[in-house]
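These notes are about the structure you will find just below.
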Amino acid sequence: MEKKTAVYVCSGCGIGASLNIDPLMSISKEDYSVPVCKSHECLCSREGAAMIKEDISNEGVNTLVIAACSPRVMYDVFNFENCIVDRVNLREQVAWCQKPGEEDTQMMAEDYLRMALAKVEAMELPVPFKPEQEISRDILVVGGGLAGMTAAMEASKAGYGAILVEKEPELGGFQKKVGQIATFPYKDLKDNRIISDLVKAVTSNPKIKVYTGAAVEKTVGGPGIFEISIKQNGSLAEHRCGAIVMAAGWQPYDPGKLDKKLGFGLSPDVITNAMFEEMSFGGNVTRPSDGKPVARVAFLQCAGSRDPKHLPYCSTVCCTTSLKQAVRIKGQNPDSEVYVVYKEMRTPGQAEDLYRKAQESGVLFIRCQDPEVKAEGGRPAVEAADELSGETILLGNLDLVVLATGMVPATAFGPDIGKELLKAADEEKKEEDLDVPLDIIRRSKILNLDYRQGPEMPALRYDFPDSHFICFPYETRRTGIYAAGCVHRPMGIGSTLEDAAGATMKAIQCIELTSRGAAVHPRAGDMSYPEFAMQRCTQCKRCTVECPFGAINEDEKANPLPQPTRCRRCGVCMGACPERIISFKNYSVAMIGSMVKAINVPEEDEEKPRILVLACENDAYAALDMAGIHRMTHNPWVRVIPLRCLGSMNLVWIADSLSKGIDGVLLLGCQHGDDYQCHFIKGSELASIRLSKVSETLNRLALESDRVRFETVSIIDYPKLPGLLDEFAEKLVEIGPNPFKGW
Amino acid sequence: MSVKVDPKLMKDLEHFGLKDVNKCFQCGNCTAICPLSTPENSFPRRFMRYLQLGLTDKILKSPEPWLCYYCGDCSTQCPREAEPGEAMMVLRRYLTSRYDWTGFSRKFYTSERFEIVAVAIVGILVGLALWLFRGSNPNMEHAALNSVWPAPAIEIADLVMAAILTFFLLSNTYRCAKFIMGDLLYRIPPAIYIKKAWELVVHFATQKRFGECTDKMQWFVHLLIMTGYSTVFLLVAVFLAGGLHVIGLYWDQLAFQRDVEYAIWHPIRLLGYYATAALLYGTTYAIIGRLKKSKAPYKNSHGTDWMFLILLELTTLTGIFIHFARIVDLPMTTYVLYVVHLMVAVPMLVLEVPFAKWAHLAFRPVVVFLTQVKEEYFKEQKMLA
């Protein structure tokens with residue numbers, strides 16, 4: 001594509017009052033020989049947009065630099081097909097946050113314009129990725145329980161085919177064993193017809209292909225082109241599918257592992273909540289030891305749950321389940337004595353109504369942190385310190401003690417691949433592998449992915465294959481694979497139905513976007529993808545190790561084998577590559593490098609230091625905008641370059657900036673660690689790991705390592721930004737000017 | 001030492017009017033609003049828990065239910081409509097029945113039929129007695145009560161009745177004190193009892209603890225009923241025959257049931273008017289309140305609450321009618337009304353005072369007194385230590 005560049009400067013929203021527009025025009029015309037340079041007092045108006053459109057059709061311009069407001073706003077107005085567009089943020093990050101009419105303000109605007117012109121020079125129009133194979137619109141659903149069957153039904157209702165794989169000989173999952181359920185509106189118990197109805201609907205649906213007693217033997221490829229091998233009765237079936245809903249379900253926590261104090265094994269009349277369901281399916285609750293009716297029952301909540309030694313988390317459903325079982329016993333025999341011993345009663349949503357029902361039907365609730373099950377006269381008894389009266393009470397002569405055990409996701413079983421890798425790695429490799437913390441991936445034999453980073457979903461916490469649950473509900477850390485139901489996180493029936501529908505919706509979005517060559521969430525619609533200049537690859541494996549989404553496979557010689565449909569376009573690989581061989585059409589190491597070069601660094605005696613801010617565009621850049629919107633004045637020496645993710649930060653930019661005479665580099669990324677906020681999970685963490693090695697580079701240049709700093713900011717931190725920038729600027733003044741100035 | 005839980009207590013207490021205690025989830029809003037609650041003593045929340053767990057022993061030994069006058073703030077504040085105020089009322093009924101060693105009280109509280117039959121029997125017996133022991137030569141021209149039932153005779157009957165009542169009431173009060181104080185009852189030196197005796201009088205006369213509650217109207221009505229009743233009691237027990245005639249004390253100027261009409265400013269007449277007005281106002285207010293369920297303490301009414309108010313109202317009304325019948329000088333009407341008056345008043349006294357709601361006139365001030373004695377004792381012990 002022959003580029004013909006045009007620059008448009010908006011003078012509205014206070015930009016004109018703050019800046020002198022003419023010098024901006026002359027920089028474009030004279031320094032960069034831009035053929036079309038125009039200014040407008042309201043560029044986002046109908047007239048302004050029409051002016052640009054006219055130039056596109058009449059003048060043939062196709063590379064547009066729009067110097068106006070932040071790229072985070074008006075993106076629909078400044079969206080021109082088949083044109084390279086860059087936005088210069090003159091409003092939020094210059095006019096609104098700098099002193100109007102000052103020399104420094106003008107210099108900042110001019111630098112930003114130069115940077116944009118350098119950027120569009122290096123940019124190309126992305127060409128969407130089209131895989132060789134035909135994109136499949138079928139969805140593979142792994143797990144034929146409530147979540148899986150719901151997902152398959154939702155897919156078929158939306159017009160997509162589903163392949164349902166269940167390891168048991170029959171569909172139904174855990175809920176098949178449940179006779180009565182308590183779900184919305186929680187006023188009473190209902191007979192469980194959900195599963196039988198769903199099984200009927202699923203098996204009679206022509207769009208759903210069901211495999212029971214089957215398992216996924218292998219999953220190859222990526223979104224749109226997953227190749228699935230399903231093993232059933234010794235024979236293999238092959239399917240291509242576009243996306244995967246993983247609804248592999250859960251297992252009750254093994255009661256054999258519980259503390260002795262809880263008395264499991266003490267008597268056959270001490271059972272778990274799951275055993276209660278199986279034992280009472282379709283009939284009355286009786287004493288397991290002798291089949292006699294039950295009149296005195298105690299439920300012990302949090303048996304092994306919320307306990308660092310067992311399951312550190314709350315399974316959210318055990319309280320409601322115990323309430324349900326307590327109400328059942330009361331319904332069976334209103335004169336029975338039913339006790340629920342709890343740490344905290346947790347009845348999410350309207351399940352509170354079931355608690356009320358239980359309470360009003362005479363179930364007695366006892367708050368106690370560590371009850372003890374004893375045997376007294378051959379019958380189980382529970383001793384509990386009742387916090388609410390301060391008395392230690394004895395519930396003796398019990399017919400049944402029910403331990404409310406929690407849920408363990410199906411992904412929690414099998415050895416952790418990370419440990420295998422560590423074991424396998426020999427001495428020299430070990431050091432390298434430890435740099436990037438390994439994900440926990442267990443060989444749980446659910447998907448058997450043919451991925452370089454491991455055969456199953458990486459766990460976020462407690463072996464649940466989740467992602468950031470607020471920003472990315474239904475997401476896992478593998479593109480095109482969405483977890484649903486209790487494998488995702490512990491949940492009840494209502495949430496499972498919702499979760500399955502949500503995961504199916506994400507799967508459909510994934511298929512649709514992939515078929516257009518676009519990225520999925522969070523860069524939904526992005527048509528660019530990383531390209532590898534393989535002739536320069538040194539097989540260092542940095543890209544294959546660091547990709548947070550496992551999008552790059554590896555051949556035997558350690559050459560990266562990118563799978564573009566798995567890619568989320570964060571650019572972590574680009575930041576990782578020491579040889580700089582990975583670039584996007586519109587985002588590359590060279591592009592940011594030339595933006596850095598376009599910054600005008602004044603001589604030392606002008607006493608105008610320069611600070612390069614590399615800001616994550618998801619939060620930090622938005623926070624800078626917010627500071628501008630609140631008219632908070634910040635330091636005039638900063639020059640901000642937004643990055644797709646701080647994980648795409650290549651160390652060469654820091655070396656380039658400092659050798660050019662820029663006084664300091666500030667990296668603004670998202671919070672990482674347990675409560676990470678990075679849109680790409682590990683981006684900011686990887687950036688900080690890379691940065692820890694930058695001191696070596698700085699020493700080589702004989703520079704102080706204080707010149708480079710990493711800060712985490714979230715969008716709500718915007719009030720802190722001006723202070724943070726000023727403080728860094730002061731530190732740089734203290735260190736003194738960069739000796740490389742003017743070289 | 002662990003205690004046994006008894007969920008059957010709540011079932012049993014349903015006869016005493018217990019309804020919604022199982023709804024309580026121990027949030028403590030009742031405790032937050034209650035002026036009786038202290039940081040050390042979470043009242044009434046703790047008692048709601050005792051009830052739920054059926055900790056009978058704890059309840060029996062607790063003075064707190066008697067310290068509560070049922071202003072109803074806790075019930076109004078309760079987010080679960082667990083009615084803690086009513087629960088404390090139920091506890092007082094239950095405790096009254098437990099203090100009573102005869103077992104009569106329990107029957108009276110737990111069976112409405114027993115209650116009605118007992119009142120009817122006593123009423124009929126009183127009617128029969130009045131018929132049998134009427135004067136042989138009644139004055140049919142003028143309304144002269146003493147010509148049919150001479151005051152000294154009535155007073156003797158009255159004192160006999162008072163002695164029996166007092167025996168039962170005091171023996172039950174002793175049991176109450178024993179439950180609450182346990183071994184301390186005798187361990188505490190008499191000096192402390194004497195020192196705090198004044199509190200007993202003050203609390204009885206002013207109900208000042210009730211005055212601390214937010215709803216002053218309830219305190220006022222309670223004070224009216226209490227003083228009205230006490231005044232009448234004084235008139236009947238002490239001045240009926242113009243002083244304690246039986247033991248030789250006699251001053252006709254200050255006698256109650258006289259055939260002469262005292263002047264309007266006469267102290268006996270003025271006291272009578274005060275007592276009548278106070279009782280009439282207080283009782284009518286309470287009856288209307290209970291009918292309309294106008295506020296928390298009136299929302300739940302046990303059979304004994306109704307019986308108490310109806311008997312008191314009827315006693316007051318018949319008293320008023322007798323007074324006017326005498327003034328207009330209708331002999332027969334006066335005599336009939338007098339019989340009815342006593343047929344109502346006597347069962348009220350005989351049954352309610354030792355065994356039912358009236359018993360709290362002894363229990364409450366005594367418990368307030370004993371708790372203060374106990375506090376004083378512990379204070380002294382602490383100082384000694």
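Naming convention: chains lettered A, B, ... in sequence-line order (proteins, then strands); numbering from 1 in each chain.
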Practice task
Kindly indicate, with the supporting measurements, whether the criterion side-chain contact (heavy atoms from CB on, under 4.5 Å) is fulfilled by A/Arg367 and B/Gln26.
Solution key: CA-CA 10 Å; A/Arg367 184 163 197 248; B/Gln26 298 280 303; over 6 Å; no
Handout entry: side-chain contact (heavy atoms from CB on, under 4.5 Å) assessment of B/Val5 paired with A/Leu364
Key = CA-CA 10 Å; B/Val5 170; A/Leu364 198 60; 3.9 Å; yes
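Here the side chains of B/Leu53 and A/Glu391 are not in contact, with every heavy-atom distance at 4.5 Å or above. Counting only heavy atoms from C-beta outward, the side chains of A/Arg356 and B/Arg80 approach each other to under 4.5 Å. No side-chain heavy atom of A/Leu388 sits under 4.5 Å from any side-chain heavy atom of B/Met48.
The two residues B/Cys24 and A/Gln359 make their nearest non-hydrogen contact at O-NE2, 2.8 Å. What you find for A/Phe365 and B/Arg49 is that their closest heavy atoms are O-NH2, 2.6 Å.
Using a 4.5 Å cut-off between heavy atoms, A/Glu360 contacts chain B through both its backbone and its side chain. With a threshold of 4.5 angstrom between heavy atoms, A/Leu395 approaches chain B through side-chain atoms but not through N, CA, C or O. Both the backbone and the side chain of A/Ile393 come within contact range of chain B, with heavy atoms under 4.5 Å apart. Interface residue B/Phe25: backbone and side-chain heavy atoms are both found under 4.5 Å from chain A.
Within a 6.0 Å radius of CG in A/Asp290, other residues, nucleotides and ligands contribute more than 12 heavy atoms. Remark: B/Glu81 CD is loosely packed, at most 12 non-hydrogen atoms of other residues, nucleotides or ligands lying under 6.0 Å away. Annotation for A/Glu498: atom CD does not count as buried by contact number, only 12 or fewer foreign heavy atoms lying within 6.0 Å. Atom NZ of A/Lys261 is surrounded by more than 12 heavy atoms from other residues, nucleotides or ligands within 6.0 Å. Within a 6.0 Å radius of NZ in B/Lys107, no more than 12 heavy atoms belonging to other residues, nucleotides or ligands are found. The environment of B/Glu112 atom CD is sparse: at most 12 non-hydrogen atoms of other residues, nucleotides or ligands sit within 6.0 angstrom. Environment of NZ in B/Lys178: crowded, with over 12 heavy atoms of neighbouring residues, nucleotides or ligands closer than 6.0 Å. The number of heavy atoms from other shown groups lying within 6.0 Å of NZ (B/Lys23) is above 12.
Between chain A and the residues B/Arg46, B/Gln52, B/Lys11, the most heavy-atom pairs under 4.5 angstrom are made by B/Gln52.
Rounded to the nearest 0.5 angstrom, B/Ser2 OG and A/Lys374 NZ are separated by 6.5 Å.
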